[in-house]
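Heavy-atom basis, side chains included; hydrogens, waters and symmetry copies ignored.
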Amino acid sequence: MALMHRQSLMQFAAPVCETVVDAPVPQGSEVLLRVAKCGLCHSDLHLQDGFFDAGNGQRIDITRGIKLPFTLGHEIVGTVEAAGPDAPRDIIGQPRVVFPWIGCGACRDCINGDENLCARNRYLGVALDGGFASHVLVPDSRYLLPYEPLPAGFAAALMCSGLTAYGAVKRAATHPRRRNLLLIGMGGVGLMGLSIARAMGMETIAVADLSEAARATALDAGAATAYDPAARETARRMLKDSGGGFDVIVDFVGNEASLAFAMSALARGGKIVVSGLMGGSFTTPAVSWVHKRMSIEGFMTGTLLEARELLDLARTGRIAPVPMHEAPMREAAGWMEKLRHGGIIGRIILTNGA
């Protein structure tokens, strides 16, 4: 029996470490994937901590139902190594990227195709063991998608940072007032959002980020304007440049400061799409919702259909890959710590072997 090497979470709020177990044998429709690469996402840090910041000293506990040791990682790409008796045989040996936002399959959301909204989900790397390992067990082959000729690491990143950015930008694009667009936060997801927005035909896209390096990267990637939220004259300058505010704003940070900044830049009748998970709380006077005629929508990940749409869009070559930093899987703990302290622009991709 093959051995499976994992970078396991042994306790919450502690570094992951290597564990070795027997590789699982797929049953029924299950499929065993040998992992080639797995992206490191900021959400992995929240899962490592065991909570989300709810603001005002409050926390949302996310440890319930997670049995330790646990394997994080949800941006997974690799090669099918084995399949259960009810899975197709011709998939063995095929390179595939994993759609990790798997639902229970029976609730109304799953039946409607919205597995990413399932309350009894089986998200890989969140509810079930994920891809910081040599192998990962996928519940069904329908969640394994062909990705070639895209680079493997890029395809993996599309399944979370790409899918989140794609869904958020799609929801921005459907707003009836969309004369201009502001993207807040130019980390891995934000840069992907910028690239996807340009691929979808949106022009003169403004961005905002506290990091000068991130702003420079965004300008190099095609942003028309880059704002520093901390600068004194930024709010006045934005309102002037945008002719009274931005019709649509996508917040890829999702904390109290970023939402306050978004509110200050929003035009009357505008919409904010929030997809960041940095945490905190947000309050605004109730009358502002009516007087400003604004809307705020939360969004995270996407559907299996949207994942297929995104891969098709990426195959056209119109989505420029964000900066990728590849590192050995065994160095997961160190790279998680580096990500926690900030300063990394782009996506970290953990790799197995050569």
Within the distance-only criterion (no hydrogens, no angle test), does the side chain of Glu306 pair as donor or acceptor with the backbone N or O of Tyr166 below 3.5 angstrom? no
Going from CZ on Arg308 to CG on Leu310, what distance comes out if it is rounded to the nearest 0.5 angstrom? 12.5 Å
Would Met294 and Ile272 count as a side chain to side chain contact (heavy atoms under 4.5 Å, CB included) if you check the C-alpha gap in whole Å, the side-chain angles of each, and the deciding distance to 0.1 Å? CA-CA 8 Å; Met294 67 181 184; Ile272 301 172; 5.7 Å; no
With side chains defined as the heavy atoms from C-beta onward, is the minimum distance between Met238 and Phe246 less than 4.5 Å? yes
Main-chain N/O of Arg268 paired to Arg293 side chain as donor or acceptor, under 3.5 Å: no
Give a yes or no answer on whether the side chain of Asp61 reaches the backbone of Thr63 with a donor-acceptor pair at less than 3.5 Å. yes
If only atom types and distance count, is the side chain of Thr79 paired as donor or acceptor with the main-chain N or O of Arg34 below 3.5 Å? no
Under the side chain to side chain contact (heavy atoms under 4.5 Å, CB included) criterion, do Asp129 and Leu137 qualify, and how do the steps go? CA-CA 8 Å; Asp129 283 325; Leu137 190 66; over 6 Å; no
Rounded to the nearest 0.5 Å, how far apart are CG of Leu311 and CG of Leu313? 9.5 Å
Does Tyr143 reach the main-chain N or O of Trp101 with its side chain, forming a donor-acceptor pair under 3.5 Å? no
So if you build clusters from Ile, Leu, Val, Met, Phe, Trp, Tyr with side-chain heavy-atom gaps below 4.5 Å, do Leu181 and Phe261 land together? no
Do you know which two heavy atoms are closest between Gly125 and Phe70, and how far apart they sit? O-CE2, 3.6 Å
Residues Asp228 and Arg237 bridged, charged N to O under 4.0 Å: no
Which of these, Glu18, His135, Arg330, sits in a side chain to side chain donor-acceptor pair (under 3.5 Å) with His5? Glu18
To the nearest 0.5 Å, atom NE2 of His341 lies from atom CE of Met336 at 13.0 Å
Decide whether Ile92 and Val98 are clustered together by the hydrophobic rule: side chain heavy atoms of Ile, Leu, Val, Met, Phe, Trp, Tyr closer than 4.5 Å, transitively. yes
Take Phe132 and Val35 through the test side chain to side chain contact (heavy atoms under 4.5 Å, CB included) and record every step on the way to the result. CA-CA 8 Å; Phe132 290 176; Val35 177; over 6 Å; no
Check ion pair Lys170-Glu297 (N to O, under 4.0 angstrom): no
Heavy-atom closest pair (Ala54 atom, Ile60 atom, distance to 0.1 Å) is CB-CG1, 3.9 Å
Heavy atoms, side chains only, cut-off 4.5 Å: are Glu115 and Thr303 in contact? no
For the student: nearest non-hydrogen atoms of Tyr147 and Pro95, plus distance: OH-CB, 3.6 Å
Within the supplied structure, the quantity of interest is the number of heavy atoms (other residues, nucleotides, ligands) at a distance under 6.0 Å from Arg59 CZ; does it exceed 12? no
Is it the case that one hydrophobic cluster holds both Ile102 and Ile62, taking links as side-chain heavy atoms less than 4.5 Å apart, direct or via other members? yes
Heavy-atom side-chain proximity of Arg347 to Val189 below 4.5 angstrom: yes
So does Gly270 get a backbone contact from the side chain of Arg177, meaning a donor-acceptor N/O pair under 3.5 Å? no
Within-4.5 Å side-chain heavy-atom neighbours: Leu339 and His42: yes
How close do Ala333 and Pro15 get, heavy atom to heavy atom, and via which atoms? CB-CB, 4.2 Å
Side chains of Met329 and Cys38: does their closest heavy-atom pair fall under 4.5 Å? yes
What heavy-atom pair brings Val253 and Gly185 nearest, and what distance separates the two atoms? CG2-CA, 3.7 Å
Joint cluster assignment, Val126 & Leu45, ILVMFWY side-chain distance < 4.5 Å: yes
Does Leu3 belong to the same Ile/Leu/Val/Met/Phe/Trp/Tyr cluster as Leu33, with side-chain heavy atoms less than 4.5 Å apart forming each link? no
4.5 Å side-chain heavy-atom contact, Leu158 and Leu163: no
Answer yes or no: are there more than 12 heavy-atom neighbours, outside Arg198 itself, under 6.0 Å from its atom CZ? no
Are Cys41 and His74 packed together at the side-chain level, in the sense that at least one heavy-atom pair is separated by less than 4.5 angstrom? yes
Any donor-acceptor pair under 3.5 Å linking the side chain of Lys37 with the backbone of Glu326? no
Is a donor on one side and an acceptor on the other found under 3.5 Å between the side chain of His325 and the backbone of Ile345? yes
Start with the C-alpha distance between Arg340 and Asp49, add both sets of side-chain angles, then the distance that settles salt bridge (charged side-chain N to carboxylate O under 4.0 Å, His left out), and finish with yes or no. CA-CA 11 Å; Arg340 186 178 296 277; Asp49 293 338; 3.1 Å; yes
Under 3.5 Å side-chain donor-acceptor pair for Ser258 and Asn255: yes
In Å and rounded to the nearest 0.5 Å, what is the CG to CG distance from Leu124 to Leu72? 12.0 Å
Which residue is it: Val31, Val97, Val77, Ile76? I am looking for the one with a side chain to side chain contact (heavy atoms under 4.5 Å, CB included) to Leu144. Val31
Under 3.5 Å donor-acceptor, Glu30 side chain and Asp140 backbone: no
Working to the nearest 0.5 angstrom, can you tell me the gap between Lys240 NZ and Glu233 CD? 10.5 Å
If we count only N and O atoms by modelled type, under 3.5 Å, do the side chains of Thr19 and Arg6 hold a donor and an acceptor together? yes
Quick check: closest heavy atoms across Gln58 and Asp53, and the distance to 0.1 Å? O-OD1, 3.7 Å
Is there a donor-acceptor pair closer than 3.5 Å between any side-chain N or O of Arg315 and the backbone N or O of Glu148? yes
Going through the checks in order, is the side chain to side chain contact (heavy atoms under 4.5 Å, CB included) test met by Val273 and His175? CA-CA 10 Å; Val273 181; His175 188 60; over 6 Å; no
Quick check on Arg89: does its CZ atom have over 12 non-hydrogen neighbours (other residues, nucleotides or ligands) under 6.0 Å away? yes
Met186 side chain reached by Ser211 side chain, heavy atoms, under 4.5 Å: no
To the nearest 0.5 Å, how far apart are CG in Asp86 and CD in Gln27? 10.0 Å
